[in-house]
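Below, chain A is the first sequence line, B the second, and so on; all start at residue 1.
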There are 2 protein chains.
Amino acid sequence: MPAIGCIPPPSPLICRQTRLTRARPPDIRGRMPDGVASDTICRAADDATAADRLFAAVGELILSGAIEQGAKISEPDLAARFGTSRAPLREALRRLEERKLVTRIAHQGARVTRLCPERIAEIYQVREALEGIAAREAARHMPEAAIAELRRLLDLHEARVTAHDVYRQGSEDDDFHFRIIRGSGNQMLIRLLLDEYYLLIRLLRRKLSRPGGLAQRALVEHRRVLDAIAERDPELAEAMMRRHIAAAFDRLRQAMVVPNPAPRPRKEDKA
Amino acid sequence: MPAIGCIPPPSPLICRQTRLTRARPPDIRGRMPDGVASDTICRAADDATAADRLFAAVGELILSGAIEQGAKISEPDLAARFGTSRAPLREALRRLEERKLVTRIAHQGARVTRLCPERIAEIYQVREALEGIAAREAARHMPEAAIAELRRLLDLHEARVTAHDVYRQGSEDDDFHFRIIRGSGNQMLIRLLLDEYYLLIRLLRRKLSRPGGLAQRALVEHRRVLDAIAERDPELAEAMMRRHIAAAFDRLRQAMVVPNPAPRPRKEDKA
DNA sequence: TGCCGGCATTGTGTCGACACTCTGCCCGAT
DNA sequence: ATCGGGCAGAGTGTCGACACAATGCCGGCA
């Protein structure tokens, strides 16, 4: 039973600058939460296939909010807008579907996934478990150097937070989490969280006003997680991370109820 | 902020009998571990698109071992074998890729994912966390009726196990887990585990001889999980489930080392 | 005899076109 | 006036074909 090369392509994913046709100025603003994920998941999307580029571009379009949640996605439209045929676009949509960013119904088309509160709660439940594992494994495998670097990062965050009391658009928050996830060394987990779950988290962040004023709190929790990892205490790290995620969700939920009492429209279209 | 319909299509997936062309006898044996998942994930794949049918068929081909792990998948070949064009096959492959059953490299083709021991360990780590959550939530949300039914199922298993001392091909084992996962009521979790992770688990089960003689042990663990759920004790349920998965992995790992010292061929082709 | 470069072949990525399905609109009937 | 059926339009699913990339083979050269 041979068992060697597994999952070689580390991650095809949403990248920063993504052009579409080989020689064309960037018409899509594929901005990433600066300095965050650009180095994480990206692969040079330059010599990649059109489908890859479209996957990245459309993904970014969705995550950036350029295409609203629930909006229908017309294949001919989008393909034309990108100057490609439908084939690569369909591939991109299919991959986005698997990552749950779009929902497709046969003979009816694709639309951007709409996240309801129940689904958001579920996402956070799963995220809690997964990042708990990540923290646990990071406590086991994360190199000392990475830990030190992460500590410096948190110091930097603290400086910013005391100045503005806000984790800028969640990108710094993500940065912290990404590093721990990568620190786990668990390839399956890394792929699952970075390639799939964080897309959903970024998506739901779009529709939720970030609860400001609590960055200080999050920072404290981050420090606790990091301390546990630095002490090489897997159980504690897991517990702290889980508690942090749970707390973050609590904060999120409170922000969720306020702005929107209960408007429940049934149908609407047009992208 | 409207937020209503999310993730409507419960699950397109590997089904039992899957025909390809509308009117053609089933040339692909799409057998499921009988009586297990047939009711879980399936959707009548009859009026579905060719891509859906191919997705199910090729998936089953892989899971059944008809296409070996690491084997190359030639698009023209497979398409011809199924009497379709490459377009729907490519869609199927792409979806299988997202589910990590096949690995594709641009301009080079797709091959069945090969699971190395490290990856298997990672899968079990993640599975432990996810099914832990599932058990926890099942303790909260699973209907009494379902619990009672599950108890009867375990009684049935016990009868079989005392007779043969083996969980038949893992299908009964899966049945137990599936019910708990579904009992969690967490749609995201259900999709993640059933649509994605259990495919991998079935795949790795193919390459690992099932450690017989330990069914009794697994059954005891199953009962503990169920008891905790019946007592509506989420924490205990989670702990028991995690322990069960961890123990199952231990058993698996022992089975992993024995039959295969270290043959490591580098390359081979042909499906 | 072994290594390197060119060539043919295979196969993937992409394209344009067609068929069938679904949606929305218009019209006639009740 | 409202409801049901038919029709047109749009859109998705599928197909066959082509271009470029990658692989493997063959011959030339050291």
- Task: Check the distance between dG13(C)'s P and Arg53(A)'s CZ and give it to me in whole angstrom.
- Result: 13 Å
- The answer to which of Pro88(A) and Ala106(A) contacts DNA chain C further toward the 5' end, by nearest nucleotide, is Pro88(A)
- Mutual orientation of the aromatic rings belonging to His177(B) and Tyr198(B) [parallel < 30°, tilted 30-60°, perpendicular > 60°]: tilted
- Query: Under 4.0 Å between a side-chain N or O of Arg104(A) and OP1 or OP2 of dG11(D)?
  - Reply: no
- Message: Just the rounded figure in Å: distance from C1' of dG13(C) to CZ of Arg94(B).
- Response: 9 Å
- In whole angstrom, give the distance that lies between atom CZ of Phe82(B) and atom P of dG13(D). 20 Å
- Note on the structure: The residue, Arg86(A) or Gln108(A), whose nearest nucleotide of DNA chain C is more 5′ is Arg86(A)
- Side chain of His107(A) (C-beta onward), nearest among dT14(C), dT21(C), dT14(D): dT21(C)
- Using 4.0 Å as the upper bound for N to carboxylate O, is an ion pair formed by Arg81(B) and Asp77(B)? no
- Find the distance Leu89(B):CG to dG11(C):P and express it as a whole number of Å. 13 Å
- Find the distance Ile105(B):CD1 to dA21(D):P and express it as a whole number of Å. 18 Å
- Scan Leu101(B), Leu63(B), Leu89(B) and name whichever one has a side-chain contact (heavy atoms from CB on, under 4.5 Å) with Val58(B). Leu89(B)
- Message: dA10(D), OP1 or OP2 - any side-chain N/O from Lys72(A) closer than 4.0 Å?
- Response: no
- Look at the side chain of Thr49(A) and decide which nucleotide, out of dG11(D), dT14(C), dA22(D), has an atom nearest to it. dT14(C)
- Search all heavy atoms of Tyr197(A) against all heavy atoms of Arg127(A) and return the closest pair with its distance. CE2-N, 4.5 Å
- Whole-Å distance, Ile73(B) CD1 to dT12(C) P, equals 10 Å
- Presence of Arg90(B) side-chain N/O under 4.0 Å of dG13(C) phosphate oxygens OP1/OP2: yes
